[in-house]
Every structure is written in C-alpha cells, then in structure tokens.
2 protein chains.
Amino acid sequence: MTKRRFDGLAPGEGASPDRYDPVRFERQNVTVDLVIFTVRDRTLKLLLIERGEPPYQGSWALPGGFVRKDESLEDSARRELLEETGVRDIYLEQLYTFGDPGRDPRTRVITVAYFAIIASDRQVLHASADATDARWFSVTGLPRLAFDHERIVDYAIERLRNKLEYTTVGFQLLPEQFTLTELQNVYEIILGKQLDKRNFRKKILSLAIIQETGETKMDGVHRPARLYRFSDAKFMLLKEKGILFPF
Amino acid sequence: MTKRRFDGLAPGEGASPDRYDPVRFERQNVTVDLVIFTVRDRTLKLLLIERGEPPYQGSWALPGGFVRKDESLEDSARRELLEETGVRDIYLEQLYTFGDPGRDPRTRVITVAYFAIIASDRQVLHASADATDARWFSVTGLPRLAFDHERIVDYAIERLRNKLEYTTVGFQLLPEQFTLTELQNVYEIILGKQLDKRNFRKKILSLAIIQETGETKMDGVHRPARLYRFSDAKFMLLKEKGILFPF
DNA sequence: ACAAAAGTGTTGAGAGTACACCCATGC
DNA sequence: GCATGGGTGTACTCTCAACACTTTTGT
C-alpha cells in the first residue's frame, strides 16, 4: 500500500520549492486549446490555424497556447481568444482536459480545452496577422488535424449539440437582434435536421425568453421579419422544461 | 498583436528541452482530486481524508495526488482511487479542471477533478492504512474543506444529480443484484425528494434496462423482494427519452 | 399579379402525474 | 392475526408532432 499523500504539492515543495522529485513528479506543460464556433453561410464553422513548425507542420490545429504562471485557466483561454480573433466578451466554457502521454509526440502536454461562440456579426478575423494562416472551416469539411485535435473537436460539437437542448447557447451565435427564422436556422444547422416552423416558434415563444424589438428586418424583396432580442441574461439554463429536446 | 503560437510546447522545447522561458511558461504542478461517492445508511456519502500537514492541517480534503510523468489523467485518478480505497474497476468520470492561481496558498496547482462511484456493497475502506485518517461523510454534513474543495464537491454533486436523469449512473451505486426499492432509494437520496413508487417502477421497467434474476431478497421479516440486474452495459446513456426528468 | 419568405392553429398520440389497495412474509 | 414493506392499474393533463394556408412585401 502506497503512502497516502495529498499536499496539492510535490513532496517537500511547501518548505522548499526546489526539492521536489523530478522523476515522479515533474511539473507538466499545460496549454489551453480553443474550439471557436460561428455560423456563416448556413453552416457551422470553427477556427483553425496552420502550423508553421513541426510536428504536424503544415497541418491545421486548434488555436491555443501555454497557460501562464499567474493567470487562471479561463483567463488564459480568453487571452488566446483575443490574440487569435481580436474578440472579447463572448461565451466561453471549459470543455474537457486531455492529457494522454503521447498526445504530443515531443513531450507530455496536458491541454485544457475550451469552446467559444462568436456571433455571426462579429467575425472580425484579421486575416492572418502573422505568418501562420487562420481560417474558418465548416465542421463538415474539416482537414486532417494535428495532435488529438479531432477528438477535441468531436467532443466540442457533441457538447454544443447537447447544450442547445437545455440552454440558450444557440442564441450566442446570433447578433443582438435576430429574426425567428434566423434562430431556427441556427438550430437546424447545428442539429443537422429540419425543424417545423410552427412548432419551433410556438416552443420558443412559450419559453418567454425573447421579446420583440418592434423593428423589422427588410431583406429587400420579401415580407419584413420581426426582430427579437433576449429578455434577460445572455446565457441561461432552461430548467424544468428543457428546450428543444423533442425536435 | 502578440505573435501567434501553438506548439504544444514551450518555445524552444522541441529542439532542446531546457531552453524554455521559465518565467512566462513555467511548467505547472498538476494533480488529480477525487470525489468518491457511495450510498450507505440511506444517505449519499463521499470520502475525505484528514490533512496531516499545512496548509489546512487538520482539515478534511478530497483524496488526490500528483499526475505522474507517463500516466494519463484517468490512470492517475484510478491509481489514487486504488491507493485510497483499494477499489478498482468502478465508474470514474472527469469532472472539471480547477486552476485558479491562489487556490493553493503555497504555489500554483492545477487540479483535474474526477468523480467516482462505489457500489454500496464494496466499501472495503481499510480504515486508515497510514497516519492520515480517511472517512465517509454524508454530503449534508460535510466539515469545512481545504483549498477550493467545497466548490469541487458542489460541482460533483450537481453533475451526479444531472446525470441521474439521463444515464444509468445511479445503478453504479448498487450491488450487482438489487431490488426496485433499493434503486428507488438511490434516486430519492440523490435527488433529495420522494418519488412515487408506481410511477418509478413503471418508468424503469419501460426502459427495459434491467431484468429479473429470478431470485428474491429475504430481509427476514417482510415479503421477499424480487432481485434485478442490468441487461447490458454497466453504464449507458439514455437517448431519446431521458430517464427521470419528470420526477 | 406573382414570387418568396413571414406568420399563424388545430388535432391526435404519448408520456407524465396523481392516487389507494391487496399481497407475502416472520413473528 | 398483525405489522411491514412488496407489488400493482387507471384516469387526467399536458406537451409533442404532424400538418397547409394566408399575409406582406418588392418587382
């Protein structure tokens, strides 16, 4: 039976930080990786960057980077997000932590994955601010990804789909004002199936989470659509009645 | 605009592991912490250990320990579980990663929290195999906990409650053979409310996930109860119809 | 007047909820 | 025979699911 130990520190660390056993308790490389979603051209897209160096040189990978010494994990993710996209104050959520030895061929790297959502009107992606290329890819047409990033992406998409059903994450993909058809499109795109217009509207309106703005959206040639916005918070859990499970 | 970087490595690390910038990219202390649940005496309990050293000396804390160099996060959690409880092959799931600087007063420690479930007939806790004391506490009567462990526990309980509704995690708390009343008790204990016996049985049986063993459990004095076991896997997601949301 | 998207109600089916009594056993 | 937990069915309500036509606008 091994001796029980829980310090939150390597042995001896509390007293003198340099005396930890470098073999068994070597500190770890910790990164954050981001799966950044948006909707454009009626498809769900996510942001990838092209790797400039080996390994996986020339492959596409999730944006991310090292967790710095004195920032929280979420701060770290928000910093990376800002660096990659120039966007702040958007929905961000921790996804899962991937730490298999061997997921990076060079050395052991533990990565805390986050997923983020950028509203369709805020994709101000400064096309390639430096050497590496950054692009939006449709989730249905992703290239081969570096490391275990495919697994991370799969997990993120699954989580997004699930959360659509009992939260208002879906709304994060839309501008502040939106039409019910636009909202329905977001749901259809992410769930990958058609929804009934009447049932969808009935359900959303029954939840009393949006309100009319009084304005309409003239797309030019057709009947103008009413614009709505959220009643309360930007993100909420829908207790009690789920949201769109049945669809 | 900061230069974009995603190596999965500290700068220079690939070529020569010692040249990374120790200030911005210092490697991190990474631990796993475990919230280990069981049900006994008609209450939901979890395992805590008493800390022998500062900080929080004498306080209770979640079992856990350092992630070793060449083990995966889950392996790390399973190893700790085995060391603390002597139990293997039980349900274990990654919960969330907590990494606020300052959550450990000594130095920065990132912890990947897991939650585990031990069936009520397997609590072979070798009472204190070493100096530190380990005990089961009812979740309604927890002592003050070390570090941010209260937050971790709260999160674990919330997750357990949620998962009860759309998975068969609840079944993990029971022995291989169990009565419907025992199953219902598990649900009532975790959800913290009474359930209707007829409705509960109707629902569970309609899911066709358990089968009669043909045996009965004689508790001595009353009518013997039929024993059941799972039909298929030990753990499953209940797609389509949720499971017990309505209760 | 016509093309195209916006907007609107009803009905049937199925699941959830509430509710009360008889059964089998040990003492 | 009695105390105790095991075991069973029905009726009401409400949400989900399917389904088609009218309205408003620009051209």
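What you see below is based on every heavy atom in this structure, not just the backbone, and it leaves out hydrogens, waters and symmetry mates. Bear in mind that the values here come from a model prediction, so they are computed numbers and not experimental data. Chain letters run A, B, ... following the sequence lines, proteins first and then strands; every chain starts at 1.
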Colleague: Under 4.0 Å between a side-chain N/O of Arg201(A) and OP1 or OP2 of dG7(C), yes or no?
Modeller: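 Yes.
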
Colleague: Rounding to a whole Å, what distance do you find between Gln184(A):CD and dG7(C):P?
Modeller: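 Computing the Gln184(A):CD to dG7(C):P distance gives 12 Å.
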
Colleague: If the cut-off is 4.0 Å, is Thr181(B) near the phosphate of dG6(D), judged by side-chain N/O to OP1 or OP2?
Modeller: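 Yes, such a contact exists.
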
Colleague: Would you mind reading off the distance between Met218(A) atom CE and dA4(C) atom C1', rounded to a whole angstrom?
Modeller: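 In whole Å, dA4(C) C1' and Met218(A) CE are 16 Å from each other.
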
Colleague: Starting at the 5' end of DNA chain D, which residue's closest nucleotide do you reach first, His222(A) or His222(B)?
Modeller: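 First, find each residue's nearest nucleotide; the 5'-ward one identifies His222(B).
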
Colleague: I'd like to check the ring pair (Phe, Tyr, Trp, His ring centres under 6.0 Å) partners of Phe98(B); sequence neighbours left out, ordered by chain and number.
Modeller: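 Partners of Phe98(B) under the ring pair (Phe, Tyr, Trp, His ring centres under 6.0 Å) test: Tyr96(B).
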
Colleague: Restricting to side-chain hydrogen bond (donor to acceptor under 3.5 Å, both in side chains), what partner residues turn up for Thr179(B), sequence neighbours left out?
Modeller: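 None.
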
Colleague: Identify each atom pair where a protein N or O and an N or O of nucleotides 9-12 of chain D are less than 3.5 Å apart, giving names and distance.
Modeller:
{"residue": "dT10(D)", "atom": "O4", "partner": "Lys202(B)", "partner atom": "NZ", "Å": "2.9"}

Colleague: I need the CD-P distance between Glu182(B) and dG5(D), as an integer number of Å.
Modeller: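 Rounding to the nearest Å, CD of Glu182(B) and P of dG5(D) are 14 Å apart.
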
Colleague: Please list, chain by chain and in numerical order, all residues satisfying ring pair (Phe, Tyr, Trp, His ring centres under 6.0 Å) with Tyr114(B), sequence neighbours excluded.
Modeller: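 So Tyr114(B) forms no ring pair (Phe, Tyr, Trp, His ring centres under 6.0 Å) with any residue.
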
Colleague: Taking atom C1' of dA6(C) as reference, at what distance in whole Å does atom CZ of Phe178(A) sit?
Modeller: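 So the two atoms are 16 Å apart, to the nearest Å.
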
Colleague: Find which nucleotide of DNA chain D each of Leu205(B) and Arg223(B) is nearest to by heavy atoms, and output the residue with the more 5' nucleotide.
Modeller: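 It is Arg223(B), whose closest nucleotide lies nearer the 5' terminus.
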
Colleague: Whole angstrom is fine here: how far is it from NZ in Lys197(B) over to C1' in dC22(C)?
Modeller: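 Rounding to the nearest Å, NZ of Lys197(B) and C1' of dC22(C) are 11 Å apart.
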
Colleague: Could you pick out which residue, Val221(A) or Leu180(A), lies toward the 5' side of DNA chain C when each is mapped onto its nearest nucleotide?
Modeller: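 The answer here is Val221(A).
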
Colleague: What is the distance, to the nearest angstrom, from the CZ atom on Phe200(B) to the C1' atom on dG16(C)?
Modeller: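 Between C1' of dG16(C) and CZ of Phe200(B): 15 Å.
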
Colleague: Under the side-chain hydrogen bond (donor to acceptor under 3.5 Å, both in side chains) rule, collect the residues that match up with Lys202(B), sequence neighbours excluded.
Modeller: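 Applying side-chain hydrogen bond (donor to acceptor under 3.5 Å, both in side chains) to Lys202(B) gives Asn199(B).
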
Colleague: Would you say dG5(D) has OP1 or OP2 under 4.0 Å from some side-chain N or O of Arg226(B)?
Modeller: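 Checking dG5(D) against Arg226(B), no side-chain N or O comes under 4.0 Å of OP1 or OP2.
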
Colleague: Atom CD1 of Ile204(A) and atom C1' of dG7(C): how far apart are they, to the nearest Å?
Modeller: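 Rounded to whole Å, this separation is 16 Å.
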
Colleague: Quick one: closest heavy-atom pair of Pro63(A) and Glu84(A), and the distance?
Modeller: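 The answer is CB-CG, 3.6 Å.
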
Colleague: With Glu93(B), which residues qualify under salt bridge (Lys or Arg N to Asp or Glu O under 4.0 Å), at least two apart?
Modeller: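 Scan of Glu93(B) (salt bridge (Lys or Arg N to Asp or Glu O under 4.0 Å), adjacent residues dropped) gives Arg159(B), Lys163(B).
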
Colleague: For dC16(D), does either OP1 or OP2 sit under 4.0 Å from a side-chain N or O belonging to Lys203(A)?
Modeller: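 The answer is yes; a side-chain N or O of Lys203(A) sits under 4.0 Å from OP1 or OP2.
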
Colleague: Quickly work out the Leu195(B) CG to dG7(D) C1' distance and round it to whole Å.
Modeller: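 Distance check: Leu195(B) CG to dG7(D) C1' gives 17 Å.
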
Colleague: Counting heavy atoms from C-beta on, name the nucleotide in dT8(C), dG26(D), dA24(C) closest to the side chain of Pro224(B).
Modeller: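 Out of dT8(C), dG26(D), dA24(C), the nucleotide with an atom closest to Pro224(B)'s side chain is dA24(C).
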
Colleague: Is any side-chain heavy atom of Gln184(A) closer than 4.5 Å to a side-chain heavy atom of Gln194(A)?
Modeller: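 Side-chain contact under 4.5 Å: no.
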
